[in-house]
Engineer: 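One structure, pasted below without further comment.
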Amino acid sequence: MLSLDGICCRFGDTRAVDRVSLDIPAGQFVGIIGPSGAGKSTLLRLINRLVERSEGGIHFGSREITGLRGRALRQWRRDCAMIFQQFNLVDRLDVLTNVLVGRIADHGLISSMTMRFSDSERELAFHALDRLGMAHKALERAGNLSGGQQQRVAIARALVQRPHVMLADEPIASLDPGNATRVMDALRRINREDGLTVLVNLHTLDTARAYCDRIVAMRAGRVMFDGTARQLTPDVVRDLYGTDGLGQIDESVTSTSLRRLELA
């Protein structure tokens with residue numbers, strides 16, 4: 001169980017995340033939606049400890065996350081893999097090496113700096129690429145790949161960390177519909193096959209409804225809705241965002257998607 005207890009994050013007078021409490025059972029696929037500035041990305045970064053909380057606590061099972069330092073913090077970031085919208089690959093390195101970077105947390109300083117990896121780690125990385133349909137690109141420079149291919153490589157890199165939790169921060173925001181579908185299918189398949197807890201920030205309401213066991217909607221740093229896709233009715237959406245605010249959900253709540261909600 002991943003538990004957030006009254007977690008807050010302030011930047012000056014702004015509460016980016018405001019008293020959020022969530023219990024996320026192991027193996028759940030959670031979609032986080034909301035307009036730009038709602039606090040979605042900050043929430044994931046709080047969980048991964050890329051930003052520090054102002055108050056509140058985070059626990060993973062019996063482990064208290066917010067107080068971790070040094071090696072313990074590095075191990076948590078290994079156990080809680082992060083996938084970014086920008087991919088964060090090294091363009092000049094080949095795809096296999098980019099995936100192997102996910103193993104660095106298990107290495108000492110010298111082997112990390114020299115990028116020395118064992119045969120078993122290379123086999124693990126190749127297998128992860130194969131699961132993402134990218135094994136045939138293993139020796140190609142990452143900079144030669146399309147955006148969708150790079151995102152699948154980034155997911156493979158997260159997989160070789162052997163995490164318990166996978167966080168994806170708007171992983172399909174810059175992708176065309178076909179690649180977005182491939183990436184979301186991959187995340188759902190990993191969630192189902194590996195039993196990984198997955199939290200994914202999404203701009204599109206339709207995508208959240210199609211893929212996620214649970215949807216959390218945020219506004220102004222607060223959780224305004226927490227339930228299943230079926231519970232996210234048109235009336236709930238209008239209550240959450242208001243008639244004037246529907247167009248601010250980064251094009252995710254359009255008249256078309258609302259009609260789909262009504263037909264569901």
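Residue numbers run from 1 in the order of the sequence given. Computed from a predicted structure; not experimentally measured. What's counted below: heavy atoms across the whole structure, side chains too, no hydrogens, waters or symmetry copies.
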Engineer: Between the side chain of Q151 and the main-chain N/O of F84, is any donor-acceptor distance below 3.5 Å?
Structural biologist: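 Pair found, side chain donor or acceptor close to backbone of F84.
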
Engineer: Hey, does V153 have a side-chain heavy atom less than 4.5 Å from the side chain of L132?
Structural biologist: no

Engineer: Keeping W76 on the side-chain end and I47 on the backbone end, is there a donor-acceptor pair under 3.5 Å?
Structural biologist: yes

Engineer: Is there a side-chain contact between L44 and I32, using heavy atoms and a 4.5 Å cut-off?
Structural biologist: yes

Engineer: For atom CZ of R92, is the number of surrounding heavy atoms from other residues, nucleotides or ligands below 6.0 Å larger than 12?
Structural biologist: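 Result for CZ/R92: open.
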
Engineer: In a check of side-chain contact (heavy atoms from CB on, under 4.5 Å) between F225 and each of L232, V237, V216, I33, which one passes?
Structural biologist: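 The residue from L232, V237, V216, I33 that satisfies side-chain contact (heavy atoms from CB on, under 4.5 Å) with F225 turns out to be L232.
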
Engineer: Between L199 and F29, is there a side-chain heavy-atom distance shorter than 4.5 Å?
Structural biologist: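 Answer no - side chains too far apart.
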
Engineer: For I190 and M166, which heavy atoms make the closest approach, and how far apart are they?
Structural biologist: CG2-CE, 4.4 Å

Engineer: Applying side chain to side chain donor-acceptor pair (under 3.5 Å), name anything that partners S146, two or more places apart in sequence or on another chain.
Structural biologist: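 Expected list: Q149.
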
Engineer: Once you round to the nearest 0.5 Å, how far does CG of D23 lie from NE2 of H59?
Structural biologist: 11.0 Å

Engineer: Kindly indicate, with the supporting measurements, whether the criterion side chain to side chain contact (heavy atoms under 4.5 Å, CB included) is fulfilled by K40 and L43.
Structural biologist: CA-CA 5 Å; K40 307 185 301 294; L43 184 66; 5.9 Å; no

Engineer: Over all heavy atoms of both residues, which pair between R157 and N98 is shortest? Give the atoms and the distance, please.
Structural biologist: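 Here R157 and N98 meet closest at CD-O, 3.3 Å.
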
Engineer: For the backbone of V160 and the side chain of R103, can you confirm whether one donor and one acceptor N or O come within less than 3.5 Å of each other?
Structural biologist: yes

Engineer: Contact between R222 and M218 at the side-chain level, heavy atoms closer than 4.5 Å - yes or no?
Structural biologist: no

Engineer: Has S54 got a side-chain atom pairing as donor or acceptor with R10's backbone, closer than 3.5 angstrom?
Structural biologist: yes

Engineer: Short question: side chain of R214, backbone of T228 - any donor-acceptor pair under 3.5 Å?
Structural biologist: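 Side chain of R214 to backbone of T228, a donor-acceptor pair under 3.5 Å: no, none is there.
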
Engineer: As an exercise, state the distance from OG1 of T197 to CE of M1, rounded to the nearest 0.5 Å.
Structural biologist: 9.5 Å

Engineer: With side chains defined as the heavy atoms from C-beta onward, is the minimum distance between V101 and V90 less than 4.5 Å?
Structural biologist: no

Engineer: Between E121 (side chain) and S118 (backbone), is there a donor-acceptor pair under 3.5 Å?
Structural biologist: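 Indeed, once roles are kept as given, a pair shorter than 3.5 Å links the two residues.
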
Engineer: For the atom pair SG (C212) and CG (L202), what is the distance rounded to the nearest 0.5 Å?
Structural biologist: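 These two atoms lie 5.5 Å from each other.
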
Engineer: Atom OG1 of T181 and atom CE of M184: how far apart are they, to the nearest 0.5 Å?
Structural biologist: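 Going from the OG1 atom of T181 to the CE atom of M184 covers 9.0 Å.
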
Engineer: Decide whether N191 and Y211 meet the rule of one side-chain donor and one side-chain acceptor closer than 3.5 Å.
Structural biologist: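 The answer is no; no qualifying pair exists.
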
Engineer: Any sub-3.5 Å donor-acceptor pair from K137's side-chain atoms to V95's backbone N or O?
Structural biologist: no

Engineer: One thing to verify: whether R63 and D79 come together as a salt bridge, which I'm taking to mean a side-chain N less than 4.0 angstrom from a carboxylate O.
Structural biologist: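 Salt bridge between D79 and R63, a charged N being under 4.0 Å from a carboxylate O: yes.
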
Engineer: Set out, in order, the CA-CA distance, both residues' side-chain angles and the distance that settles side chain to side chain contact (heavy atoms under 4.5 Å, CB included) for L145 and E140, then state yes or no.
Structural biologist: CA-CA 8 Å; L145 304 182; E140 190 166 333; 4.1 Å; yes

Engineer: Could you tell me which non-hydrogen atom of P171 sits nearest to which non-hydrogen atom of N201, and how far apart they are?
Structural biologist: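 Looking at all heavy atoms of both residues, the closest pair is CD-O, 3.5 Å.
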
Engineer: Do I83 and L167 come within less than 4.5 Å of each other through their side chains, counting heavy atoms only?
Structural biologist: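 No, side chains not in contact.
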
Engineer: Please give me the minimum heavy-atom distance between A125 and L96, naming the atom from each residue.
Structural biologist: CB-CD1, 3.7 Å

Engineer: Counting heavy atoms not belonging to E123, are there more than 12 under 6.0 Å from its CD?
Structural biologist: no

Engineer: Quick one: does T42's side chain have a donor or acceptor within less than 3.5 Å of a partner on A16's backbone?
Structural biologist: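 No; judged by distance alone, with no hydrogens or angles, the pair does not exist.
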
Engineer: Say you draw a straight line from CG of L22 to CG of L4; how long is it, rounded to the nearest 0.5 Å?
Structural biologist: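 The distance works out to 5.5 Å.
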
Engineer: Is the backbone of G56 close enough, under 3.5 Å, to the side chain of R53 for a donor and an acceptor to pair up by distance?
Structural biologist: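 Pair found, side chain donor or acceptor close to backbone of G56.
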
Engineer: What's the shortest heavy-atom distance between G147 and F87, and which atoms?
Structural biologist: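 So the minimum-distance heavy-atom pair works out to O-CZ, 3.4 Å.
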
Engineer: For R77, which residues count as a side-chain contact (heavy atoms from CB on, under 4.5 Å) partner, sequence neighbours excluded?
Structural biologist: N48, R49, L50, L73

Engineer: Do the side chains of D194 and R131 get close enough for a salt bridge, i.e. N-O under 4.0 angstrom?
Structural biologist: yes

Engineer: Are R152 and V183 side-chain neighbours, meaning at least one heavy-atom pair lies under 4.5 Å?
Structural biologist: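 A side-chain contact under 4.5 Å exists here.
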
Engineer: Verify the distance criterion only: is there a donor paired with an acceptor across the side chains of R78 and Q161 at less than 3.5 Å?
Structural biologist: no

Engineer: Check whether any side-chain heavy atom of V30 lies under 4.5 Å from a side-chain heavy atom of V198, and answer yes or no.
Structural biologist: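 No, too far: nothing below the 4.5 Å cut-off.
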
Engineer: Any salt bridge between R141 and D94, counting N to O under 4.0 Å?
Structural biologist: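 No, no charged N to carboxylate O under 4.0 Å.
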
Engineer: Ignoring hydrogens, what is the shortest heavy-atom contact between S41 and D169? Give both atom names and the distance.
Structural biologist: OG-OD1, 2.8 Å

Engineer: Please determine if D213 and R188 form a salt bridge, counting it only when a charged side-chain N lies under 4.0 Å from a carboxylate O.
Structural biologist: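 Here D213 does not pair with R188 in a salt bridge, since their nearest N and O are not under 4.0 Å apart.
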
Engineer: Step by step, would you call V17 with C8 a side chain to side chain contact (heavy atoms under 4.5 Å, CB included)?
Structural biologist: CA-CA 5 Å; V17 172; C8 294; 5.8 Å; no

Engineer: If I take atom CE from residue M82 and atom SG from residue C80, how far apart are they, to the nearest 0.5 angstrom?
Structural biologist: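 SG of C80 is found 8.0 Å from CE of M82.
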
